[in-house]
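For reference, positions follow the sequence shown, starting with 1. Just follow the structure's listing: the first ligand is 1, and inside any ligand the first atom is 1.
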Amino acid sequence: MSDVMIVTGASRGIGAATARIAGERGYAVCVNYRQDADAAAAVVADIEKAGSRAIAVAGDMSSEKDVLNLFETTDAELGTLKVLVNNAGIVDVQSRVEDLTLERLQRMFAINITGAFLCAREAVRRMSTGRGGSGGAIVNVSSAAARLGGPGEYVDYAASKGAMDTMTIGLAKEVAADGIRVNAVRPGLIYTDIHASGGEPGRVDRLKDGVPMKRGGSAEEVARVILWLASDEASYTTGSLVECSGGR
Ligand code: NAP
């Protein structure tokens, strides 16, 4: 039986790249998405073409009901969960802290950190050897912004990723003896649509000369780090925050 992986926010960008490579490597993949069913279906088709099983499940990861449905559907259709990739995440239009609204802050933290916690909870309930499970791995997609702070652009987003880093460290220690590894990857400037949703589609090209490697990264370069952290190749690695930022 192939190992089962859930990737949240997998209809495009880093999540889609992770789901596709996971399919190539033999995982049965649950492709979660929020609204773009056609894009999620295309990811599923590519995984099936690679010879692996895949399903697409719609759900807003800030909704507990949708999170529960995502995990229960995966249980029923793919089997025992081995890997959770907590990838779904948003930015908002570039703003200074003095201009942030309560509504924006609540949405940012609901999706980027509360949703990640709810998914981690469901994963631990299934994977923990202390609860009859067979162990597994959780990979959180954080951001270099957690240590850079996002000044003038999105300190709220950076803070949500800082919370994700702390969750990674604490949960890793909490469940290490239950057969579950928990790690995070911190991508830097990666070419995806997320920058357009922050109001600046060309953001990576504007900032890339400040990256020691002098270029932005690809979604696949991040995905390969995620796949490594998820795999038994990383069997003694837990509680780690792995940089994937060209040295930035
Ligand atoms: P992206 O291209 O904007 O894709 C985001 C994905 O998340 C989409 O599949 C989207 O689905 C989904 N999503 C958004 N809100 C969701 C929700 N509430 N519930 C479920 N799915 C949701 O972003 P990306 O650049 O690949 O980012 C992926 C992760 O990497 C994020 O956590 C981001 O913070 C992190 N990251 C990205 C960069 C970068 O430079 N790109 C750098 C550091 C960290 P729909 O299309 O259906 O809305």
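- Of the heavy atoms in S142, only backbone atoms (N, CA, C, O) come closer than 4.0 Å to ligand 1.
- K214 NZ: more than 12 foreign heavy atoms inside a 6.0 Å radius.
- Under a 4.0 angstrom heavy-atom cut-off, Y157 registers as being in contact with ligand 1.
- Partner V182 forms a side-chain contact (heavy atoms from CB on, under 4.5 Å) with one of N140, V139, I169 and no other, that one being N140.
- Taking every heavy atom of I190 and a limit of under 4.0 angstrom, the matching atoms of ligand 1 come to 39 (C), 40 (O), 41 (N).
- Salt bridge R224/E220: absent, no basic N to carboxylate O contact under 4.0 Å.
- Under 4.0 Å from ligand 1, not a single heavy atom of R186 appears.
- The closest heavy-atom contact to atom 32 (O) of ligand 1, among the options N87, V43, V7, comes from N87.
- Salt-bridge annotation for D178 and R131: absent, with no side-chain N of the basic residue lying under 4.0 Å from a carboxylate O of the acidic one.
- Sorted by first and then second residue, the side-chain hydrogen bond (donor to acceptor under 3.5 Å, both in side chains) pairs involving residues 7-22 (not counting sequence neighbours) are R20-D46.
- Ligand 1 has at least one atom lying under 4.0 Å from a heavy atom of G59.
- No part of V222 comes within 4.0 Å of ligand 1, judged by heavy-atom distances.
- Atom numbering of ligand 1 starts at 1 in the shown order; those under 4.0 Å from a heavy atom of N32 are 20 (C), 21 (N).
- For CZ of R206, the number of neighbouring non-hydrogen atoms (other residues, nucleotides, ligands) closer than 6.0 Å is greater than 12.
- Heavy atoms of D60 found under 4.0 angstrom from ligand 1 belong to the backbone as well as the side chain.
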